[in-house]
Amino acid sequence: MTDRTTRGRATRPELSPAHARFASALGEIVQAADLAQYRLAKKSDVSPTTLSGYLCGHRLPKSSTTLERLYTVAALHAQRAARPLPHSRARLRELFELALQERWEAHIGTATARDEQPHAAPKQPASRLPSPRRRLQRRVRMYRARHRIAPSVPRAAVPVPPEKGDRHHTTAVSAVPWAAEAKEVGRHFAEGRDWDAYVMLRNTASTVPAHEFPGVISSCRAAGLEQAVETLLRTAAEREVHAVLSITAALHEQRQYEDAGVMLAAARRAL
């Protein structure tokens, strides 16, 4: 199994060095566990196809929780067979974090190089665009059109009496959404806790409502966290289609057209 996995990874030129080291270490741990691959996957609450993707280098775990379950089951069966595992739990987690960070840095570098290219190249005709991209763009236009059909009705100005007491409501917090979280992410990066920052960004991008997403992007950009902006956009692009369309429409409404384009490009690659 290890030889086949190694040969499979060698034929994938897009596999990064850190990703290759992680896949190789995980394969050695699975082999030392003295347990069939499909049984290890079932006991770890992972599908056999997903585990095969980890071993072949086709994918990375979405969180360290899945990795912890795999290592725990492998360690238990290796102990029963009196066989030591070739890598410690901390070493496997370190390799996983390095592979994940390298993949994010590669995505950021690709987006930066694309933005720096001259605009001399003509745009591809719409008739030659891939059909998934055309469908996604058409849905975005339809979503924006639906939400702009009804004209806004002007409201009569009604005087509001001043509030009593010395505790008045303020809109300062709502005007700068996610500002405190952005500072916390910046502190994680400054103190070398990149993994904590990435986990916080991925959780936010996967759960934040669509109408709040532009504010999150603006807060990170105001804090000078361009790397965090790229992570938020590419993680949000992995959400289901309706959420991607809603977030893209919200970005367009806030005139964040470049961010919407980066997100649409990432969503198209994920289709």
Side-chain angles (χ1 to χ4, degrees), residues 1-110 188-189 192-206 227 230-231 234-239 266 269-271:
M1 179 191 69
T2 304
D3 293 339
R4 291 197 301 271
T5 304
T6 303
R7 290 196 297 268
R9 288 195 297 270
T11 59
R12 291 177 56 84
E14 73 276 9
L15 197 61
S16 64
H19 193 167
R21 289 193 296 269
F22 167 74
S24 177
L26 183 60
E28 293 171 1
I29 290 174
V30 172
Q31 186 177 19
D34 195 22
L35 185 66
Q37 180 176 323
Y38 78 95
R39 293 191 59 194
L40 175 62
K42 291 296 184 182
K43 288 178 176 290
S44 304
D45 196 20
V46 178
S47 70
T49 304
T50 300
L51 179 57
S52 178
Y54 297 160
L55 298 175
C56 296
H58 292 286
R59 63 175 67 184
L60 281 172
K62 292 186 177 180
S63 66
S64 59
T65 305
T66 303
L67 203 62
E68 292 288 340
R69 293 199 304 266
L70 287 170
Y71 192 92
T72 300
V73 175
L76 177 62
H77 284 270
Q79 183 179 7
R80 292 177 180 176
R83 301 178 63 179
L85 292 182
H87 302 281
S88 65
R89 187 188 301 268
R91 175 58 178 168
L92 185 62
R93 188 186 305 115
E94 178 184 2
L95 292 175
F96 167 64
E97 294 174 0
L98 289 174
L100 194 61
Q101 181 177 357
E102 191 173 56
R103 186 179 67 174
W104 281 330
E105 291 175 352
H107 285 325
I108 294 173
T110 303
H188 287 328
F189 279 125
R193 299 196 303 271
D194 294 359
W195 173 248
D196 295 335
Y198 286 135
V199 169
M200 186 174 179
L201 291 170
R202 289 184 64 85
N203 288 340
T204 300
S206 301
Q227 185 177 2
E230 292 289 343
T231 301
R234 298 181 186 283
T235 304
E238 300 174 359
R239 296 172 67 168
R269 288 193 297 270
L271 290 176

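For the numbers below, each heavy atom of this structure counts, side chains included, while hydrogens, waters and symmetry mates do not.
- Across all their heavy atoms, Ile29 and Leu85 have their closest contact at O-CD2, 3.9 Å.
- Rounded to the nearest 0.5 angstrom, Arg83 CZ and His77 NE2 are separated by 13.0 Å.
- Across Tyr54 and Ala23, no two heavy atoms sit closer than the pair O-CB, 3.6 Å.
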Can you check side chain to side chain contact (heavy atoms under 4.5 Å, CB included) on Lys43 and Leu35, steps first, answer last?
-> CA-CA 10 Å; Lys43 288 178 176 290; Leu35 185 66; 4.1 Å; yes

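- Ala205 and Arg239 make their closest contact through O-NH1, 3.0 Å (heavy atoms, listed as atom of the first residue, atom of the second, distance).
- In Gln79, the CD atom is not crowded: 12 or fewer heavy atoms of neighbouring residues, nucleotides or ligands sit closer than 6.0 Å.
- Note that NE2 of His87 and CG of Leu92 are 8.0 Å apart. Values are rounded to the nearest 0.5 Å.
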Under the criterion side chain to side chain contact (heavy atoms under 4.5 Å, CB included), I'd like the reasoning laid out for Tyr198 against Thr231: C-alpha separation, chi angles, the key distance, then a yes or no. CA-CA 8 Å; Tyr198 286 135; Thr231 301; 4.0 Å; yes

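- When all heavy atoms of Leu95 and Phe22 are compared, the pair lying nearest together is O-CB, 4.0 Å.
- Ion pairing between a basic and an acidic side chain is recognised when a charged N comes within 4.0 Å of a carboxylate O; Glu94 and Arg21 show no such pairing.
- Using a distance-only test at 3.5 Å, with no hydrogens or angles considered, no donor-acceptor pair links the side chain of Ser24 to the main chain of Ala20.
- Enclosure of atom CZ in Arg193 by more than 12 non-hydrogen atoms of other residues, nucleotides or ligands within 6.0 angstrom is indicated.
- If you take CG on Leu51 and CZ on Arg39, they are separated by 14.0 Å, rounding to the nearest 0.5 Å.
- Shown here for Thr235 and Ser206, the closest heavy-atom pair between the two residues is CG2-OG, 3.7 Å.
- The CG atom of Leu70 lies 11.0 Å from the OG1 atom of Thr65; values are rounded to the nearest 0.5 Å.
- Here His19 contributes atom NE2 and Phe96 contributes atom CZ; the two are 9.5 Å apart, rounded to the nearest 0.5 Å.
- The structure places OG1 of Thr72 at 4.0 Å from CZ of Arg89, a figure rounded to the nearest 0.5 Å.
- Between Ala32 and Ala78, the closest heavy-atom pair is O-CB, 3.9 Å.
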